[in-house]
Structures are given as C-alpha cells and as structure tokens.
Amino acid sequence: MKLVPRLTLWFVLCITVLLAARGVLRVQHQSAEFDADMRRDHRFIGRALAADLSETWQLQGEAAARHLLDVAGGTAGKSNRLIWLSEADADRNGIPKAEAHRALAGVELQAYVGGRLLSSFPLHGGNRPASLLVSETLDERQRYVEASIVHATLSLAFVMSCCGILAVVLGRWLVAKPVRMLVDKARRIGQGDFSSPLVLARKDEFQSLAFEMNAMCDALARAKDELAAEADARQSAIEQLRHADRLSTVGKLAAGVAHELGTPLSIVSGHAEMIANGEVQGPKVIESAAIIDGETKRMSRIIRSLLGFARRKGPEGEASNIKDVVTRCIELFEPMAEKAGVRLSADLPSDCRATIDQDSLQQVMTNLLSNAIQAQGSGGVVNISAAVELATTPKGTGDSPSEHVRLTVADTGPGIAAEVLPHIFEPFFSTKAPGDGTGLGLSVVYGIVEDHGGRISVESTTGNGSRFSVFLPKANPT
Amino acid sequence: MQPNPDQRAPVATNAWTTHRRARVLVAEDDEQLRDMVAAQLRAKGHEVITVANGTQMISALAHASLRRFPRDAFDLIVTDVRMPGITGLEAITRLRQVGYWTPVITITAFPDDELRRSAHLLDMMVLDKPFKLSDLQDASQYFLGDLAL
C-alpha cells in the first residue's frame, strides 16, 4: 500500500474513533440532562398544581378541584397527562399497584413506567387520600436522542471526508511529490545520469535528502570523470608501451637486417671495386663475379626469410594429413640425418588432420627437423610424434580447451640454456655459427603456427635435449 | 671495468723499430668477407693473420703477447663486432684491460650510440658495414703509414 493512502487511512481512522467516542458521550450526557430537566418540570408543575388543587378541594369540594384539573390537563399538551388518583380508580390508570399504593400513602415519587415518567404529588383536601399524577411519554426524549445520534453521525462523516481529502491532498503535496522526485533522481543516478541537480523549494527533511543526493551525485560524477581520465591515461600508457615495444621490435629487426645484409653487401661492393680498379684480372675476375653472385643469392635468401616472417596471411582453411606431410619431410631430411649420424624415428597416427596448408606445415617441419638434427649430434635419435590433445588457443587464455593436433619434435642434444630460451622465437636470434643459420627459422615457424591459430611451445633443459611442441587446430577427418 | 688510459703500457713492439712488415690480425666470422679483407691488406704488403671468432682472436692475441718478441706483436687489429661466442668488443675490452693499446679498426653493421661510446672508450676506429674497400685502405694507411714496404 502506498504511503499517502496508508497515512490518510490511519489519520481518518483515528479521527473517527475520537469523534465517535465524543459523539457517544455527548448523546449520553444530553439524554441525562433531558431526564433531569423533565423531572424538574414535573416537580415544578406538580407541586404548584397540587397545592392549588388541595386548596380548591378544601374550599369548594372535590368536583371543583377535578374540574380545575381537567382545565389544567387540557392545556398540558398531548404527551402529558394529569390524572386524579384516588383509591377508587387506582387500577384504571394502568399504574402498578405498588406505585399507586405508595402514591396514595402520601409519598412524593417519580418513576419510569411503561415508557412514561410518572410523578405523584399527594393532595390534602378531603378525608380520602388522593394524589395528583403527572404522566409524560418518553417519545420526545427518544426523538431527541435519535436526532442527536443522526447529527453526530453526519458531522462525523463530514469531518471524516474533509480530513480524508485534506490528508490526500496534503500527503500528495508534502510527501508523494518530493518522494517521486527523489525516486526519479535516484533512478537517473542509477542509469548514470548525474546532470540536473534536484531542486525542492521547501525547507524540510526532503530538501536535506535532495541536497545530500545532489552532493552524492556530484561526487559520483567527479569519481566517474576521474575514472574515465584514469582509464584514458592507462589506455594511452598501454598504447605507448605497445608502440615502444613495436619500435624495439623494429629496432631489433633493423639491427638483424643490417647485420645480415651488411656483410654480403661489403663483399659485393669490395669485389666490384676490385674489378673496377683492375686489381683482379683474368680468371680472378670470374672468381670475384661468382662470389658476388653467391652473396647476392645469400641476400635474396635473407630477404625471402624476412618476408616469410613478416607474412601475416590468415589460415586458408585447408586441412593437411599430418602423416603424409611429415613423412615427406622426414624423407627429405634422411640424407642429412644420415650424414650427421642421426636416426629419425616417427610415430604418427594414420588419419590425423590439422587445419594448415601443406606448404606451411612443410616449412614448420623443415625448420624444426633441421634444428633437431643439428642439435642432436652423432649417434642420437630424433623423435617425431603426433597426437590429438585438448589445448587452449594462444590468444584467448580464457577459452575452454579445444581439440588440437600436437606435433612433437624431440632431440636428446645439449638442450637450450635457460637464458637463451625466451629469445629463441625472436627474429635474427641464433646460437649457430654464422652461415649455418640466419636466426629467422624459428621466428618463421612461430609466425606460421600463430597464423594458423596454433601455438608453439618448447621444453628444454641443458643436457637433456629439447622438445618442440606445435599445437594446431584439429580438422575433421573427411 | 673500463680501462684507464693513464695506465697504458707501452706498445709492446713497434714495427718501425724492427724493420719488418706490419702484422695485422683480421677477425671476421664471414669467410668471404674475411678473405676479401685479408687479400686487400696482403695486397698492400702487410702480414695478415685471420681468425673466425672472438675465442680464436683472444688466443691469437695471447699467443702474440706471450712470445714477448717484438716481431710477433700485432700492429693493427681489424675485427667484426658481432661474432659467435666471444664478440669482437669483448675481446678488445679484455686486451685493453691488460694494457695493450694496439690500434683497432672495428667493423659493424649496426653502429648505435652504445657501440660508439664503447669505441671511444676502447680507442677504436669504427667502420660501418657495408664499407668500401677504399675506406678500409684509408683506415689501415692511417694506422700503419709506410710500414707496408
């Protein structure tokens, strides 16, 4: 139930109870007063008339007295009767015997009998006992009480409706309106609108509440602004960090490119200079030209690898049979492995497909296998295996694991030192002797695997060999 | 620890006093470049010893200084900065730390500020890759003068 109707109801109820109690008391009081008034009137009239009648009876006889009573009775009105009570007609007037007896005994009495007020006054005129009876109906008193009740009820109803209307109007104005405004304001705050402070043109608790609410609103708006500014600052800091990181990557790349290309360029320029100066002649010129050619090829190779690293093409959605591709790579590497005294051991499930195109997979395997063979040293075994596993994707760490093909190349060579391990996927990072590697192989592998929505990881401890694991999204067998 | 130039030991030997050809140590990991530099310096009439990395370089330097004979000392060192194992910069730092201030030409593909600072402290001449043969000749001429023959 809403506040204003409830308030009104209680208010009206209280007033009703009070007024009703007051009305009841008032009616009782009035009726008692009416009674007293009636008795007083009876006594007053009765005594005066009784004295008069007694005298007339004494001087002029009973008939004259009775006549006088009739005359007086004619003026008494409808509701009043004046009765000459004697022993002879005591039973006729419907008066109880006990009262009649007491009245004739000379006692002045008043009693309510059969809806009437009876008052008796002794008469002394003759030798027979007689009494004057004043009898009045109580109808008038009843009417008076009823009228009082009706009046009280009507005035109660009037006051109640006035109070109800007043309570509703005042409740709306004093309570419901500010409460509604406050509720609206609170709702706006809840929706994040801190504008337009609430103004209540009054001086009460609602105004203080509105004032406090506005203050809270201001504080919230300030906090929100600060938060936004902070978020902006953090965002820009992150952007700057990313930029710095990109710059450092670019710097590393530039250093790598400069180093890789600087040497062959120096050689090319040197030999060209020698030929131009005529420092080399005859067959030496051909030799120099061959060297220039070789160095040019070397530079092209470096640039191709670099492009391979920079390549960011999305996965083509092509699925490759792992066993076919890996077996072909192993066959390619058999001669090299034989020369190095390394045995290649493969454990591949026959029907296992990953979403990667064959060329990319071949490139990944080529790099991993040549690294493994070089690291293995004579007499060891390089293990190649594939299995389906649940793994998480590289980017969404919150993702639930999905089915991946895990391709593992493990050697038992010297392993990778812990300080080197974090850098092995960086471009131009190499521990091999110059000429053996460009430092791009693993970074290219990393790029390819990431491109295909996969992940590459390495476990290695010095002296225990290395295990490269490539996780690629599993393709459904066709 | 940086070498203190005031503690400079006298250059162990000087080709001028021994009336011989200048001895040059060439340290470069790339075979082609090494051969080319060596050939160029030999063509100028110098005696050239080549090494392929920092470790070999240090052993060659140690060997030369141990012998204590003026004729075995190097008159010039030409070295690459980035080499597998011990880098050229590290090898030169060690040489300077034991007090040898043999002239050094260092070849680098990526001459950043840090390298320039090190080169200044270690008293090295920096030659940027790719370099022209004439630059190398000028540099060696600067250090070796008429020692060629």
Side-chain angles (χ1 to χ4, degrees), chain A residues 247-281 283-285 287-299 301-302 306 374 417 420 427-439, chain B residues 26-45 48 50-57 78-89 105-116 118 126-140 148:
Chain A
L247 280 186
S248 110
T249 309
V250 168
K252 273 185 207 162
L253 209 64
V257 170
H259 186 261
E260 290 297 324
L261 293 180
T263 304
L265 273 175
S266 301
I267 297 166
V268 167
S269 117
H271 279 279
E273 218 174 321
M274 284 193 283
I275 294 167
N277 291 347
E279 285 176 39
V280 286
Q281 275 164 0
K284 288 271 185 187
V285 176
E287 213 173 283
S288 282
I291 289 169
I292 289 173
D293 185 43
E295 293 303 315
T296 320
K297 284 198 178 106
R298 176 173 155 192
M299 288 189 274
R301 202 169 60 240
I302 291 164
L306 197 60
Q374 278 173 16
V420 170
F428 295 114
F429 183 87
S430 180
T431 55
K432 294 175 190 168
D436 281 353
T438 54
Chain B
V26 175
E28 165 62 56
D29 52 359
D30 189 88
E31 194 186 345
Q32 293 287 352
L33 189 63
R34 188 169 67 230
D35 288 353
M36 195 180 80
V37 170
Q40 199 61 33
L41 289 170
R42 280 192 189 109
K44 287 286 164 196
V48 179
T50 57
V51 291
N53 56 47
T55 317
Q56 288 177 8
M57 182 181 171
V78 179
T79 176
D80 192 5
V81 170
R82 209 158 121 165
M83 283 192 292
I86 298 170
T87 67
L89 207 59
I105 298 170
T106 177
I107 301 170
T108 175
F110 198 66
D112 54 6
D113 289 348
E114 202 184 325
L115 181 78
R116 298 239 182 257
S118 310
V126 178
L127 203 58
D128 298 348
K129 268 189 209 172
F131 59 89
K132 293 168 78 83
L133 280 181
S134 51
D135 295 341
L136 181 67
Q137 279 162 13
D138 290 349
S140 64

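Each chain gets a letter, A, B and so on, in the order the sequences are listed, and its residues count up from 1.
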Counting only non-hydrogen atoms closer than 4.5 Å, does A:Ser269 touch chain B with its backbone (N, CA, C, O), its side chain (CB onward), both, or neither?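 Interface part for A:Ser269: side chain.
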So what's closer than 4.5 Å to chain A heavy atoms on [X]: side chain, backbone, both or neither?
X	value
B:Asp80	side chain
B:Glu31	neither
B:Ser134	both

[atom1] of [X] to [atom2] of [Y]: how many Å apart, nearest 0.5 Å?
X	Y	atom1	atom2	value
A:Leu265	B:Lys129	CG	NZ	10.0 Å
A:Thr263	B:Arg82	OG1	CZ	9.5 Å
A:Glu273	B:Gln137	CD	CD	7.0 Å
A:Ile291	B:Asp35	CD1	CG	7.5 Å

Please examine the side chains of B:Asp30 and A:Arg298, heavy atoms only from C-beta on, and report whether any two atoms are closer than 4.5 Å.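 Yes, their side chains come closer than 4.5 Å.
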Determine whether A:Met274 and B:Leu133 make a side-chain contact, defined as any pair of heavy atoms from C-beta on separated by less than 4.5 Å.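 SC-SC contact between A:Met274 and B:Leu133 confirmed.
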Minimum heavy-atom separation for B:Leu33 and A:Ile267, please, with both atom names.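 That closest heavy-atom pairing would be N-CD1, 3.3 Å.
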Closest non-hydrogen atom pair between B:Pro130 and A:Ser266, with its separation: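 Where B:Pro130 meets A:Ser266 most closely, the heavy atoms are CA-OG, 3.2 Å.
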Within the distance-only criterion (no hydrogens, no angle test), does the side chain of B:Gln32 pair as donor or acceptor with the backbone N or O of A:Pro264 below 3.5 angstrom?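 Side chain of B:Gln32 to backbone of A:Pro264: no pair is present.
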